[in-house]
Peer 1: 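This is the structure I want to talk about, given as structure tokens.
Ligands are counted one by one from 1 in listed order, and the atoms in each one are counted from 1 as well.
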Amino acid sequence: MAKRVVLAYSGGLDTSVAVRWIREEWGMEVVALAVDVGQSADDDWETIRRRALAAGAMEAVVVDAKAEYAQDYCLPALRANALYEGKYPLVSALSRPVIVKHLVAAAREYGADAVAHGCTGKGNDQVRFEVSTRALAPDLEVLAPVRVWGFTREDSMDYAAKHGIPIKVRKDNPYSIDENLWGRAIECGAIEDPWVAPPQEPYALTTDPSQAPRDPWELVIRFERGVPVSLDGTAMPLHELVGEVGRLVGGYGWGRLDMVENRRVGIKSREVYECPGALALILAHADLESITLERDLMREKARLEPRYAELVYDGLWFSPLRRALDAFVDDSQRPVTGEVRLRLEPGRCFVTGRRADAGLYDYELATYEAADAFRHEDAAGFVRLWGLGLETIARKQGPPDA
Ligand code: ARG
């Protein structure tokens, strides 16, 4: 059995109980590692750190990974327009690999022979933690106390109380929430019935559209080679830009998703998300691609995008295929420089304009006005040859049954 373990610590009930439980039941020393990926915690990080120590951790560390997470994980997903099953921008799926990277680094620093996570056996996050750890550090054991202890929520609360772990939990809060700067995932409670409309209460990043400002708002996002670099002319680092866009768009009540998705472990699960920043940026980015990418490249990229999203969802971030797809996407982004204007209305966010430094939209080719430079005489021969095969069938074999 391993002797020292680095636990991915959130400051919540399960991972706080896990600190003590691992020490008591498995007799191991626990280093608690909290990774700041932009989640809005109820408590500040120092309180969270002290809670881990109070629960019995030998050491508790907080790593600020916001900029790294935005740059190295969210950005490639954005440039790939990555939406799992066409909808979900991979909020939780993207954060696990960066957390694991820091877990492994901490395991090396503290001479630990294992890492641990607080996931249950029914979800995707255990898959992502474990597969990512094996990919980076096959020598480390991965421990999952929550899969072993069989506590109900009540049991966990009793355990925390009995061991004097300082944690306030709302007994009536039925939701399981996972959040980072790419958005927020909401599970459990009333939404486990897929017919039940999502209640308002668990939302935190999006306003109820009926409460949103009536007056519309417009924002302009500038991209350089597929990287969002400024908002309304103000340059800012990506992790701040995602937050700013999210606040504006979320304020208009847009960015909510309600879906039943296919988990890696074979369960269909009803999930509610709010991802105003991520979804608005993907919307804008994909639109800018429509004016900057050559047709064949755009179509091939579109074919690969769902595959990219599946890989990330399924915990294969550290796979050679993801790397290779990123190389393809990176190359595709050379011309994706320009601006997209988004308009916000209550419950709506949509593109109203786009312009690109080296866009392929050519006014003189497209216009029906006097400036028209298209060679109309070329069209007749082109169209005849385009249809020559079908014309030949009709002449030789007769037209198809209509
Ligand atoms: N279903 C989403 C996913 O698999 C969200 C998971 C949220 N995780 C959580 N611990 N609540 O990516």
Side-chain angles (χ1 to χ4, degrees), residues 7-18 34-35 37-42 69 73-74 76-78 80 82-100 103 116-132 142 144-147 151 153 156 169-170 173-192 194 198 201-206 255-276 278-279 282 306 308-318 322:
L7 168 71
Y9 184 68
S10 71
L13 179 64
D14 277 342
T15 53
S16 297
V17 166
V35 183
V37 281
Q39 61 274 52
S40 60
D42 288 338
Y69 176 52
Y73 298 80
C74 301
L78 165 62
L83 297 171
Y84 181 64
E85 296 185 338
K87 289 181 166 178
Y88 163 53
L90 299 162
V91 174
S92 305
L94 284 167
S95 74
R96 284 353 182 226
V98 70
I99 295 171
V100 167
L103 277 181
H117 61 73
C119 307
T120 70
K122 292 175 74 167
N124 296 310
D125 290 324
Q126 57 173 346
V127 179
R128 299 163 184 153
F129 268 115
E130 292 174 39
V131 172
S132 297
V142 192
V146 176
R147 273 197 319 235
F151 286 172
R153 199 173 148 78
S156 296
V169 277
R170 272 185 49 203
N173 177 17
Y175 303 106
S176 163
I177 309 274
D178 185 49
E179 185 183 352
N180 59 64
L181 59 85
W182 210 230
R184 199 157 168 276
I186 304 162
E187 297 174 328
C188 306
I191 60 174
E192 283 182 350
E201 46 164 357
Y203 290 116
L205 306 178
T206 49
R256 295 180 176 181
L257 298 173
D258 174 355
M259 67 190 284
V260 173
E261 74 189 32
N262 291 292
R263 289 191 184 168
R264 178 65 289 187
V265 294
I267 300 172
K268 280 196 190 289
S269 149
R270 201 284 185 87
E271 310 267 335
V272 171
Y273 301 103
E274 41 182 358
C275 318
L279 290 172
I282 292 172
Y308 188 98
E310 281 161 23
L311 275 180
V312 175
Y313 186 88
D314 289 342
L316 301 174
W317 179 268
F318 294 110
R322 201 272 306 160

Peer 1: Can you tell whether the side chains of D314 and R322 come within less than 4.0 Å, N to carboxylate O?
Peer 2: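 Salt bridge: no.
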Peer 1: Between ligand 1 and the protein, which N/O pairs fall short of 3.5 Å?
Peer 2:
unit_1: ligand 1; atom_1: 1 (N); unit_2: E261; atom_2: OE2; d: 2.6
unit_1: ligand 1; atom_1: 1 (N); unit_2: E271; atom_2: OE1; d: 3.0
unit_1: ligand 1; atom_1: 1 (N); unit_2: E271; atom_2: OE2; d: 3.4
unit_1: ligand 1; atom_1: 1 (N); unit_2: Y273; atom_2: OH; d: 3.0
unit_1: ligand 1; atom_1: 4 (O); unit_2: N124; atom_2: ND2; d: 2.7
unit_1: ligand 1; atom_1: 4 (O); unit_2: R128; atom_2: NH1; d: 3.3
unit_1: ligand 1; atom_1: 4 (O); unit_2: R128; atom_2: NH2; d: 3.0
unit_1: ligand 1; atom_1: 8 (N); unit_2: D125; atom_2: OD2; d: 2.8
unit_1: ligand 1; atom_1: 10 (N); unit_2: D125; atom_2: OD2; d: 3.3
unit_1: ligand 1; atom_1: 11 (N); unit_2: S176; atom_2: OG; d: 3.0
unit_1: ligand 1; atom_1: 11 (N); unit_2: E187; atom_2: OE1; d: 3.2
unit_1: ligand 1; atom_1: 12 (O); unit_2: Y88; atom_2: OH; d: 2.6
unit_1: ligand 1; atom_1: 12 (O); unit_2: R128; atom_2: NH1; d: 2.9
unit_1: ligand 1; atom_1: 12 (O); unit_2: R128; atom_2: NH2; d: 3.0

Peer 1: Is it true that E130 and R147 have a side-chain N and a carboxylate O under 4.0 angstrom from each other?
Peer 2: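 Judged by the 4.0 Å cut-off on N to carboxylate O distance, E130 and R147 do form a salt bridge.
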Peer 1: Quick check: closest heavy atoms across S95 and V37, and the distance to 0.1 Å?
Peer 2: CB-CG2, 4.5 Å
Peer 1: Would you say E201 and Y175 are linked by a side-chain donor-acceptor pair, where the criterion is simply a distance under 3.5 Å?
Peer 2: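 The criterion, which ignores hydrogens and geometry beyond distance, is satisfied for E201 and Y175.
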Peer 1: Would the W317 and Y73 ring centres measure less than 6.0 Å apart?
Peer 2: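 They qualify: ring centres under 6.0 Å apart.
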Peer 1: Is any side-chain N of the basic residue among D14 and R153 closer than 4.0 Å to the acidic one's carboxylate O?
Peer 2: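 No, D14 and R153 are not salt-bridged.
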